[in-house]
Amino acid sequence: MNRKDVFDLTDRVIVITGGLGQIGRQFTLELIDRGAKVAIFNRRIPEDAILSERFPLDPERLAFFAVDITKKASVKAGLDALVARWGVPHVLVNNAGIDTQPSAPPEVSGPFEDFPEDVWREVLEVNMTGTFLCCQAIGGAMAKLGRGSIINVGSIYGMLSPVQDIYAYKEAITGTPFIKPVAYCASKSGLYNFTRYLATYWGRKGVRANILTPSGVRRDTQDAQFQANYCQRMPIGRMAEEDEFNGALIFLASDASRYMTGSNLVVDGGWTAW
Ligand SMILES: NC(=O)c1ccc[n+]([C@@H]2O[C@H](COP(=O)([O-])OP(=O)(O)OC[C@H]3O[C@@H](n4cnc5c(N)ncnc54)[C@H](O)[C@@H]3O)[C@@H](O)[C@H]2O)c1
């Protein structure tokens, strides 16, 4: 029997914002392997020589566009160039995001009362406004064709407040308290209802919108104490590897999830199960 593969993404045109980052690169490699055409929208695009160390540079399957998602004109220019090359995309992955790392300096990791307004605005600008602008332009183009899948990338810290105890050890090292900042959490939480809004707005126009919720990914730059504290709170006992959200992405991008919209797919090692 010749059954159609519901996960098939052959020749689907897929935009990944922030595709040069840790998770975005894994999404890109997985999608290319599955025969999709991936357009990376990233604020800065390095030279080919640097890119070739990280990606198979196949112009039929992978294209790079220097797009600042916080600028409407930049998103439009990127979309126009992509449409001229491969046509209107089938999938938009709003993956670009910024956060304050555990290694952040004290002025952005201090008490909530002192959290700088400019950093608050900058984080909301990328995580919320950038996602809004990409959905408006690219989602709008997909809706005109009556098909498409939008995948917003959320975070467990957009669903739940951070466990500040995980970061408390830093005070003994730096002499100043470390508070996981508010801006990232607030910006990510906004994406949940934004996603539901899009799902209902475009529900009958063939464009689906869902959100994928990852938990923390292991990075070599994290210190051992941070990793130990995080893993102790994590039911599955370890941080995620950077490719462990690929399966969820393929599901949301493909026809396998064709009856799913407005949903939150949580891939978090059990973090939100306590
Ligand atoms: N890594 C984690 O532990 C983790 C956990 C939960 C959720 N997430 C979310 O997953 C997504 C990817 O995370 P990551 O760790 O791979 O991030 P990353 O920092 O490795 O990569 C982010 C990418 O976004 C790009 N970018 C930033 N601002 C941009 C802009 N204005 N326009 C275009 N591109 C821009 C950066 O250049 C970078 O390539 C983010 O939305 C993040 O919040 C990550």
Side-chain angles (χ1 to χ4, degrees), residues 15-30 38-46 50-51 54-55 64-79 92-104 119 121-135 137-138 150-160 162 166 180-181 183-192 194-195 211-222 226-227 230-231 234 238-246 248-249 252 264-269 271-272:
V15 175
I16 303 188
T17 68
L20 298 182
Q22 188 180 25
I23 296 176
R25 175 170 170 269
Q26 294 301 323
F27 284 166
T28 301
L29 295 174
E30 178 74 35
V38 180
I40 289 183
F41 280 20
N42 215 86
R43 191 169 4 209
R44 278 175 289 277
I45 305 294
I50 298 172
L51 289 173
R54 311 191 66 218
F55 297 97
F64 298 92
F65 300 86
V67 172
D68 180 345
I69 60 165
T70 67
K71 305 277 184 294
K72 190 169 186 158
S74 180
V75 173
K76 183 178 182 309
L79 177 61
L92 164 64
V93 186
N94 285 304
N95 164 75
I98 58 173
D99 185 15
T100 315
Q101 294 301 314
S103 54
V119 180
R121 289 186 187 280
E122 185 190 358
V123 173
L124 264 85
E125 189 73 0
V126 175
N127 296 359
M128 278 260 34
T129 309
T131 302
F132 157 72
L133 290 174
C134 288
C135 288
I138 301 169
I150 294 172
I151 300 152
N152 293 325
V153 178
S155 166
I156 51 167
Y157 284 176
M159 289 180 64
L160 301 177
I166 288 177
K180 179 72 182 172
Y184 180 77
C185 307
S187 66
K188 285 291 176 180
S189 77
L191 292 180
Y192 288 82
F194 177 63
T195 303
I211 187 160
L212 169 58
T213 300
S215 55
V217 178
R218 192 177 57 76
R219 279 189 202 232
D220 294 340
T221 49
Q222 292 152 345
F226 167 76
Q227 290 186 345
Y230 196 95
C231 295
M234 176 62 82
R238 64 176 176 82
M239 299 189 79
E241 296 300 324
E242 58 192 19
D243 62 354
E244 288 186 307
F245 311 106
N246 289 358
L249 179 87
L252 292 175
N264 173 18
L265 184 51
V266 183
V267 184
D268 71 345
W271 185 275
T272 56

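First listed ligand is number 1; within each ligand, the first listed atom is number 1.
Not one N or O on the side chain of D268 forms a donor-acceptor pair closer than 3.5 Å with the backbone of S215. Judged by distance alone, with hydrogens and angles left aside, the side-chain atoms of Y230 form a donor-acceptor pair with the main-chain N or O of G216 at under 3.5 Å. In terms of modelled atom types and a separation under 3.5 Å, the side chain of S189 and the main chain of M159 share no donor-acceptor contact. Without hydrogens or angle criteria, Q222 side chain to V217 main chain gives a donor-acceptor distance under 3.5 Å.
Residue contact check: Y184 has heavy atoms under 4.0 Å from atoms 6 (C), 7 (C), 8 (N), 9 (C), 42 (C), 43 (O) of ligand 1. Of all atoms in ligand 1, listed by their number and element, those nearer than 4.0 Å to a heavy atom of V126 are 28 (N). Taking every non-hydrogen atom of V67 and a distance limit under 4.0 Å, the qualifying atoms of ligand 1 come out as 32 (N), 33 (C). Taking a cut-off of under 4.0 Å to the non-hydrogen atoms of D68, the atoms of ligand 1 that pass are 30 (C), 31 (N), 32 (N). If you number the atoms of ligand 1 from 1 as listed, the ones under 4.0 Å from a heavy atom of V153 come out as 9 (C), 10 (O), 11 (C). Near K188, meaning under 4.0 Å from any of its heavy atoms, are these atoms of ligand 1: 40 (C), 41 (O), 42 (C), 43 (O).
For the residue pair T195/N152, the side-chain donor-acceptor check at 3.5 Å is satisfied. T213 and Y192 share a side-chain donor-acceptor pair at under 3.5 Å.
Polar contact check, T70 against ligand 1: no nitrogen or oxygen pair lies under 3.5 Å apart. Between S155 and ligand 1, a contact under 3.5 Å exists for no N or O pair. Distances between N or O atoms of V217 and those of ligand 1 include at least one value under 3.5 Å. Polar contact with ligand 1: present for I69 (N/O pair, distance under 3.5 Å). Considering backbone and side-chain N/O of I23, one or more are found under 3.5 Å from N/O of ligand 1.
Among E242, R218, R25, R219, the residue whose heavy atom lies nearest to atom 17 (O) of ligand 1 is R219. One option in S215, G154, G216 has a heavy atom closer to atom 7 (C) of ligand 1 than any other, and that option is G154.
Summarising the geometry, atom CG belonging to L160 is positioned 15.0 Å from atom NZ belonging to K188; distances are rounded to the nearest 0.5 Å.
Within a 6.0 Å radius of CZ in R238, other residues, nucleotides and ligands contribute more than 12 heavy atoms.
In summary, of the residues considered (T28, T17, N95), a side-chain contact (heavy atoms from CB on, under 4.5 Å) with I40 occurs for T28 alone.
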